[in-house]
2 protein chains.
Amino acid sequence: MMDSKNEFLHVHEESIKKVSENIPDDETLYDLAELFKVFGDSTRIKILYALFTTELCVYDISQLLNVSQTAVSHQLRVLKTNKLVKSRKEGKNVFYSLADDHVYSIIGQGIEHIEE
Amino acid sequence: MMDSKNEFLHVHEESIKKVSENIPDDETLYDLAELFKVFGDSTRIKILYALFTTELCVYDISQLLNVSQTAVSHQLRVLKTNKLVKSRKEGKNVFYSLADDHVYSIIGQGIEHIEE
DNA sequence: CTAATATATGAACAGATATTCATATGAAAG
DNA sequence: CTTTCATATGAATATCTGTTCATATATTAG
């Protein structure tokens, strides 16, 4: 308010400076958005949640979620590319399971947020 | 393999049953996906991260991130609708800040995941 | 080898979404 | 009251994304 310099620049310079120092580089922020984008789809969230309990093969998942086998396959690929699930081949089946614990904690935090 | 019942149904019945018991209802999963969708955009992630450090007004944010004022406004509305940020009016300015701690922890987990 | 089953992949289409542009609202200054 | 500044909003557009359909690959059974 009394700071004529800020008035002149039309921005709150000090805040800008503080934030610039702490914010990660563009690439990290981009990757982060890409990661959350993967969680941002009902089908994929359902798949991940299903895998909370046990590993499942593609057909199991499609039955369980009432989603076509093709759609499940496509989404599993997205999940695998982003290292959220891993797979194991057994005969004609491919079993998918969660790749690491971050999936649990990220989804957990999400649940907490919406349950308010 | 030896379980003829499973063979007949083409699915692993027991797994399906276990998962069905633990999976949240469709609405919760849908809301969860909607929440993560909000995090799944570079501009919004940048805004959230900027607000980690301090509250900021719209013009500050648009300067800081090199995004048009209009785009920032639109995205802030999305963030506010989803209760990720709150706002405070001061004269001509509207200052935005993070709405709660889940934002920190969700993004924190995301960072951990991509840093591997 | 042939048929059947399980999964994957590519192209096409439909629906969603982020930005831009033009403009509206609202507050302070002159 | 008029102008300027800060923010918000609505419509239009271009891009992105998820599903479907058709088909390919791969494994096992007969």
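What you see is a predicted model, and the numbers here were worked out from it, not measured in a lab. Below, all heavy atoms of this structure are taken into account, side chains as well, without hydrogens, waters or symmetry copies. Throughout, protein chains are lettered first and strands after them, A, B, ... in sequence-line order, and every chain is numbered starting at 1.
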- Please state how far atom CG in A:L65 lies from atom P in D:dG18, giving the value in whole angstrom units. 16 Å
- B:Y59 side chain N/O closer than 4.0 Å to the phosphate oxygens (OP1, OP2) of D:dA8? no
- Item | Polar side chain donor-acceptor pair, A:S73 to A:Q69, under 3.5 angstrom | yes
- Message: Using a strict threshold of under 4.0 Å (side-chain N to carboxylate O), is an ion pair present between A:E34 and A:K37?
- Response: yes
- Message: I'd like to know if A:Q69 reaches the base of C:dA8 with its side chain such that a donor and an acceptor end up less than 3.5 angstrom apart.
- Response: yes
- Item | Nearest-neighbour nucleotide for the A:K89 side chain, C:dT7, D:dT27, C:dT20 considered | D:dT27
- Quick one: is A:Y96 getting a side-chain N or O under 4.0 Å of the C:dA6 phosphate, OP1 or OP2? no
- Message: Base, sugar-phosphate or nothing for B:F95? Non-hydrogen atoms, less than 4.0 Å.
- Response: nothing
- Message: Rounded to whole Å, please give me the gap between NZ in A:K92 and C1' in D:dA24.
- Response: 17 Å
- When you measure from the side chain of A:D100 to the backbone N and O of A:H102, does any donor-acceptor pair fall under 3.5 Å? yes
- Query: Do B:D26 and A:K46 pass the salt bridge (charged side-chain N to carboxylate O under 4.0 Å, His left out) test, and can you show the C-alpha distance, the side-chain angles, and the key distance before you say yes or no?
  - Reply: CA-CA 8 Å; B:D26 266 34; A:K46 285 178 190 172; 3.5 Å; yes
- Query: If you draw a 6.0 Å radius around CZ in B:F95, do more than 12 non-hydrogen atoms from other residues or ligands fall strictly inside?
  - Reply: yes
- Message: Using whole Å, what does the distance between atom C1' of nucleotide C:dT7 and atom CZ of A:R88 come to?
- Response: 15 Å
- To the nearest angstrom, how far is A:L56 atom CG from C:dT7 atom P? 11 Å
- Query: Between C:dT20 and B:S68, is there an OP1 or OP2 to side-chain N/O distance shorter than 4.0 Å?
  - Reply: yes
- Task: Answer yes if the side chains of B:S15 and A:D60 hold a donor-acceptor pair under 3.5 Å, and no otherwise.
- Result: no
- Do any of residues 71-80 of chain A sit with a heavy atom less than 4.0 Å from DNA chain C, and if so which? A:S73, A:H74, A:R77
- What pairs with B:R88 under salt bridge (charged side-chain N to carboxylate O under 4.0 Å, His left out), at least two apart in sequence or on another chain? B:E55, B:E90
- Query: Do any side-chain nitrogens or oxygens of A:N93 fall under 4.0 Å of OP1 or OP2 in C:dT7?
  - Reply: yes
- Message: I need the residues from residues 34-45 of chain A with at least one non-hydrogen atom less than 4.0 Å from DNA chain C; give them sorted by number, or say none.
- Response: none
- Item | A:E116, CD atom: more than 12 neighbouring heavy atoms under 6.0 Å | yes
- Message: Can you see whether B:T43 engages B:Q75 through a side-chain donor-acceptor pair at a distance of less than 3.5 angstrom?
- Response: no
